[in-house]
**Student:** 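Take this structure, written in structure tokens, and hold onto it; I'll ask about it next.
In what follows, every heavy atom counts, from backbone to side chain, and hydrogens, waters and symmetry copies are set aside. On a predicted model such as this, the values are computed, not experimentally measured, just so you know. In what follows, every chain begins at residue 1, and chains take the letters A, B, ... in the order their sequences are listed.
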Amino acid sequence: MSERNSSSFDYEFTGSAKSAAEFHDGDQINTHNPFRTEGLASYEKGREVARAALGYERPPTADELKAMHVRAWTERVYDGLRAARVASDLAQQGYTQDNIDLAAGER
Amino acid sequence: MSKLFARALKMIVGDPGTTLKMPKNRPLKKLTERELLQMESEIGAKLFGDIPAGHRREFFCLDKKTWIWYEEWKDQKTGKKTSTTIRYEIHDKKILKVQEGARYSFIEGEELNNLLAAVSLYYEQVARHVYGIDPQTGQLLTPPQAA
């Protein structure tokens, strides 16, 4: 009984293993399996393409460029002119240029 | 006698060594900033052409991320003073326009063009006329005058 079972098991196992081997030999359906390593890699690549297409990683639009220019000008006004204002204030109070530089650095 | 005189003089006029030391919190800092912002704003207001009669306009850079537009006028029908304040917030790639009544919108197109032109002109004119600085080189146009 046990022998029969054993042989039966062996036969089934061998049979199924053979089938799997045959299946892999064909190997056409599995190339589209996203859970295979290369499938995952191409999936990630696809996500990158999709991400770029959706606008997460793309060059700025014309309006975005203008907004970036506004930001740059604003920083010039605030940083550049504020620093100049400190120098101007201190100069009006009679400080020398050396002290103005020193004070600007301390602020 | 000379020591006493020196001490008395020091009490009256102060120590020259300490008066030249840079105080970290200058008491006049805020007032100076306000005055300068007001001067900047006077220039900023004129960037958009003539101000209509009876209107008062202000346009200035409040800080590194904010521009303020303020306009005030008398309503022709009611005679009441009306005003509007618009805040432009600088974001990474967009400019948010904040108006009264919790109205928010990212500006685009013509309005964005005009703001960009105004901001660059503001820098050039304010640098030159308020701070006496050449906007191209950043150098002082005239030497600072002591008060």
**Student:** Between Asp63(A) and Gly109(B), which heavy-atom pair has the shortest distance, and what is it?
**Tutor:**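 Looks like OD2-N, 3.4 Å.
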**Student:** Distance check, rounded to the nearest 0.5 Å: Cys61(B) atom SG versus Arg76(A) atom CZ?
**Tutor:** 13.5 Å
**Student:** More than 12 heavy atoms of other residues, nucleotides or ligands under 6.0 Å from CD of Glu100(B): yes or no?
**Tutor:**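 Counting other residues, nucleotides and ligands, CD of Glu100(B) exceeds 12 neighbours.
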**Student:** Tell me whether Gln38(B) at atom CD has more than 12 heavy atoms from other residues, nucleotides or ligands lying less than 6.0 Å away.
**Tutor:**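 Counting neighbours around CD of Gln38(B), 12 or fewer heavy atoms of other residues, nucleotides or ligands fall under 6.0 Å, so no.
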**Student:** Quick one: does Thr74(A)'s side chain get under 4.5 Å of Tyr123(B)'s, heavy atoms only?
**Tutor:**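 Heavy-atom side-chain distance check fails, nothing below 4.5 Å.
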**Student:** Is there side-chain contact between Trp73(A) and Leu115(B), with at least one heavy-atom pair below 4.5 Å?
**Tutor:**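 No, their side chains stay 4.5 Å or more apart.
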**Student:** Do Phe60(B) and Ile43(B) share a hydrophobic cluster, counting only Ile, Leu, Val, Met, Phe, Trp and Tyr and linking them when any side-chain heavy atoms are less than 4.5 Å apart?
**Tutor:** yes
**Student:** Which distance, rounded to the nearest 0.5 Å, do you find between the NE2 of His69(A) and the CD1 of Ile95(B)?
**Tutor:**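 Taking NE2 in His69(A) and CD1 in Ile95(B), the distance rounds to 12.0 Å.
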**Student:** Top residue by heavy-atom pair count (under 4.5 Å) with chain A, among Ile90(B), Thr66(B), Ile107(B), Val126(B)?
**Tutor:** Ile90(B)
**Student:** How many angstroms lie between NZ in Lys66(A) and NZ in Lys93(B), if you round to the nearest 0.5 Å?
**Tutor:**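 It comes to 16.0 Å.
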**Student:** Among the clusters formed by ILVMFWY side chains lying less than 4.5 Å apart, do Leu96(B) and Tyr78(A) turn up in the same one?
**Tutor:**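 Per the 4.5 Å side-chain linkage, Leu96(B) and Tyr78(A) are not co-clustered.
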**Student:** Salt bridge (charged side-chain N to carboxylate O under 4.0 Å, His left out) between Arg71(A) and Asp92(B): does it pass, once the steps are laid out?
**Tutor:** CA-CA 8 Å; Arg71(A) 192 179 64 177; Asp92(B) 279 350; 3.2 Å; yes
**Student:** In this structure, would Ile51(B) and Trp73(B) fall into the same cluster of hydrophobic residues linked by side-chain contacts under 4.5 Å?
**Tutor:**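 Unlinked, Ile51(B) and Trp73(B) end up in two clusters.
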**Student:** Decide if atom CG of Asp75(B) counts as having more than 12 heavy atoms of other residues, nucleotides or ligands within a radius under 6.0 Å.
**Tutor:** yes
**Student:** I'd like to know whether NZ of Lys94(B) has more than 12 heavy-atom contacts from other residues, nucleotides or ligands below 6.0 angstrom.
**Tutor:**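 No, because the 6.0 Å sphere around NZ of Lys94(B) holds 12 heavy atoms or fewer from other groups.
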**Student:** Can you tell me how far CE of Met68(A) sits from CG of Leu116(B), rounded to the nearest 0.5 angstrom?
**Tutor:** 12.5 Å
